[in-house]
Amino acid sequence: MGYGFPKQNKLCGSLRIAQFYREGKRFVAWPLRVTWAKADNETQVLIWAPKSLFKHAIQRNHLRRLMREAYRLNQALLDDAHYQIAFNYMDKEEQSFAVIEKAVQKALKKIAHEQ
RNA sequence: ACAGUAAACCGGUUUAUCGCGCCGCAAGGUGAGGAAAGUCCGGGCAGCACAGAGCACCGCAGCGGUUAACGGCCGUCAGGCAGCAAUGUUUGGUCCCUGCUACAGAGACGAGUGAUGUGAAACGAGCAUACUGCGGGCUGCAAUUCCAAGUAAACCAACGUAUGAGCGCUGCUCGCGUGAGUUGGAGGGUAGGAAGCGAGAGAGAAGCAUGGUAACAUGCUUUCCGAGAUUAAUGAUAAACGCUGCUUCGGCAGUACAGAACCCGGCUUAUAGGUUUGCUGUCUUC
C-alpha cells in the first residue's frame with residue numbers, strides 16, 4: 001500500500017453514505033470525529049469539514065486538504081482489511097497539519113487494533 | 001522635496017519529496033481570481049406561456065452620447081454642502097387632472113380684499129400616492145433533454161360532469177380558449193448515468209491604424225489565450241529568496257483578501273505590500 005489516494009478510494013453516493021452513518025461505529029480523536037465500518041471490496045474514505053463551523057469555502061477546502069494528506073501519508077497503519085471511514089472535522093479553530101496528522105494516526109491505529 | 005487629490009496596474013518567486021482532476025493507447029499536455037465573493041442590475045442561453053381590450057403593478061428620470069443591454073460607463077449644465085485648491089459629495093421630468101401641506105394663524109388651495117401679523121409656504125407655491133415619457137410575460141443550469149432502474153392507473157374526503165368543476169391567457173375585470181376531472185389527506189417509489197459543459201463564426205486578449213474631448217466604434221495583424229469538478233481536482237510538507245516593519249546590526253516579526261460550478265458586461269463589498277501617471281497646495285534651489 002503506497003501513498004496514493006485516487007478517486008475509487010473516496011466514499012460517495014448519498015444512499016451509501018446515509019447507511020454508513022447509521023450503522024458505523026464512532027469515536028473521537030480530537031479534532032476529528034471518526035466513523036468507521038468494515039467494507040467488502042475496497043477501503044473508502046469520506047472527508048468532511050462542516051459549513052456551520054467554517055463560513056468561507058477556502059477554510060473548508062484547506063481543512064479537507066490537510067485531512068486528506070494526513071490520511072494519504074498514514075494509510076499504511078491500517079492492516080490488509082477493507083474499511084469505510086469518515087473523518088469529520090469538529091473543532092471551531094483551524095488546527096495545523098501536525099495536530100491533524102497526529103489525530104489521524106491515532107484513529108487509524110485504533111481501527112486496526114479493534115479489528 | 002513634502003502634503004493632498006484623481007486614475008491605471010501588480011497581487012510573490014524557486015527547488016526537493018509525496019499526491020489529485022480532466023484530455024490522451026502511451027509519451028505527455030493541462031488545471032482558480034481581481035475580486036472566483038455578495039447575487040444587486042443587464043444580456044446570452046433554456047423551458048413554459050402568448051387573439052385582444054381596459055385598469056392596476058414594478059423600475060428608470062437635468063441634458064447629450066455610448067452599448068447586445070443596463071439602474072452601468074463617458075461628456076456636460078444648474079443648485080446645496082466640505083476643502084486654500086485640485087477635487088469630492090449630494091439634489092435635479094411636470095403641477096393640467098387627483099390628493100396632501102402638522103403646530104401656529106381669521107383663512108392652507110376652497111376665495112370678496114390681502115397691508116400688518118402667523119407660518120416652511122398666504123394665492124405666488126411646495127410635494128407624491130397624482131400626471132408625463134421610456135422600459136418590463138414568467139421561471140432559472142437544482143433550467144432543459146435523453147438513457148437506465150423502480151412504484152400504487154390502488155385507498156379516503158370535498159367540489160363537479162353541459163344547470164360547466166377546474167385549468168390557461170399578467171395581479172384584477174371583461175373577453176376568449178379548453179372540457180372531466182380537480183383539490184386535500186394518508187401512503188408508495190426514485191435521488192444512478194449521459195448531454196447541457198466551454199476552440200466559437202469568441203459582445204476574447206495584445207499591438208497598430210482611422211474617427212471621436214471621452215465612453216466607444218470600424219479595420220488590419222498575431223508561433224497570443226483556451227479549468228470543467230460533482231462527498232466536488234487545482235494540493236501538502238520542508239527549505240531558500242524577495243518584499244515590509246523593528247533592531248542592541250547578531251537577528252526578530254509580518255507577508256493580505258480570498259477558491260471556479262452554464263457563460264458574459266457592470267455595480268457593490270474585502271484586500272498585506274508595491275508600481276506608474278495627471279492635477280492642486282506649500283517650501284527650497286537655479
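To find a chain, count down the sequence lines: A is the first, B the second, and so on, and within it residues start at 1.
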Tell me whether the rings of A/W36 and A/Y83 are parallel (<30°), tilted (30 to 60°) or perpendicular (>60°). perpendicular
How long is the line joining [atom1] of [X] and [atom2] of [N], in whole Å?
X: A/E101; N: B/G19; atom1: CD; atom2: P; result: 15 Å
X: A/R72; N: B/A236; atom1: CZ; atom2: P; result: 11 Å
X: A/R64; N: B/A236; atom1: CZ; atom2: P; result: 13 Å
X: A/K51; N: B/U231; atom1: NZ; atom2: P; result: 16 Å
X: A/F97; N: B/A238; atom1: CZ; atom2: P; result: 8 Å
X: A/K55; N: B/A270; atom1: NZ; atom2: P; result: 13 Å
X: A/R60; N: B/A36; atom1: CZ; atom2: P; result: 19 Å
X: A/L66; N: B/G235; atom1: CG; atom2: C1'; result: 10 Å

Mate of [N] where both pairing distances stay under 3.5 Å, Watson-Crick or G-U:
N: B/C81; value: B/G88
N: B/G250; value: none
N: B/A206; value: B/U221
N: B/A125; value: B/U101
N: B/G235; value: B/C18
N: B/U39; value: none
N: B/G164; value: none
N: B/A6; value: B/U277

Would you compute the distance between atom [atom1] of [X] and atom [atom2] of [Y] and round it to the nearest 0.5 angstrom?
X: A/H62; Y: A/M67; atom1: NE2; atom2: CE; value: 10.5 Å
X: A/K25; Y: A/I85; atom1: NZ; atom2: CD1; value: 12.5 Å
X: A/K92; Y: A/E94; atom1: NZ; atom2: CD; value: 15.0 Å
X: A/Q105; Y: A/L73; atom1: CD; atom2: CG; value: 9.5 Å

Quick check on RNA chain B: between A/H62 and A/I58, whose nearest nucleotide comes earlier from the 5' end? A/H62
Using heavy-atom distances to pick each residue's nearest nucleotide on RNA chain B, tell me which of A/S96 and A/W48 is more 5'. A/W48
Between [N] and [M], how far apart are the two [atom1] atoms, rounded to whole Å?
N: B/A194; M: B/G21; atom1: P; value: 16 Å
N: B/U271; M: B/A258; atom1: P; value: 8 Å
N: B/G124; M: B/C95; atom1: P; value: 16 Å
N: B/C58; M: B/G62; atom1: C1'; value: 24 Å
N: B/G281; M: B/A85; atom1: C1'; value: 6 Å
N: B/G204; M: B/A69; atom1: P; value: 14 Å
N: B/G251; M: B/U14; atom1: C1'; value: 24 Å
N: B/A180; M: B/A148; atom1: C1'; value: 35 Å

Atom pairs, protein N/O to nucleotides 30-32 of chain B N/O, distance under 3.5 Å:
none

Is A/F87 close to A/L46 at the side-chain level, that is, under 4.5 Å between some pair of heavy atoms? no
Check whether any side-chain heavy atom of A/V104 lies under 4.5 Å from a side-chain heavy atom of A/L77, and answer yes or no. no
Test side-chain contact (heavy atoms from CB on, under 4.5 Å) on A/Y89 and A/L66; report intermediate values, then the result. CA-CA 11 Å; A/Y89 197 86; A/L66 290 179; over 6 Å; no
Check this for me: A/R60, atom CZ, are more than 12 non-hydrogen atoms of other residues, nucleotides or ligands nearer than 6.0 Å? yes
Would [N] be called syn or anti here, given the cut-off of 90° from 0?
N: B/G188; result: anti
N: B/G114; result: anti
N: B/G34; result: syn

Side-chain donor/acceptor contact of A/E69 with base of B/G19 under 3.5 Å: no
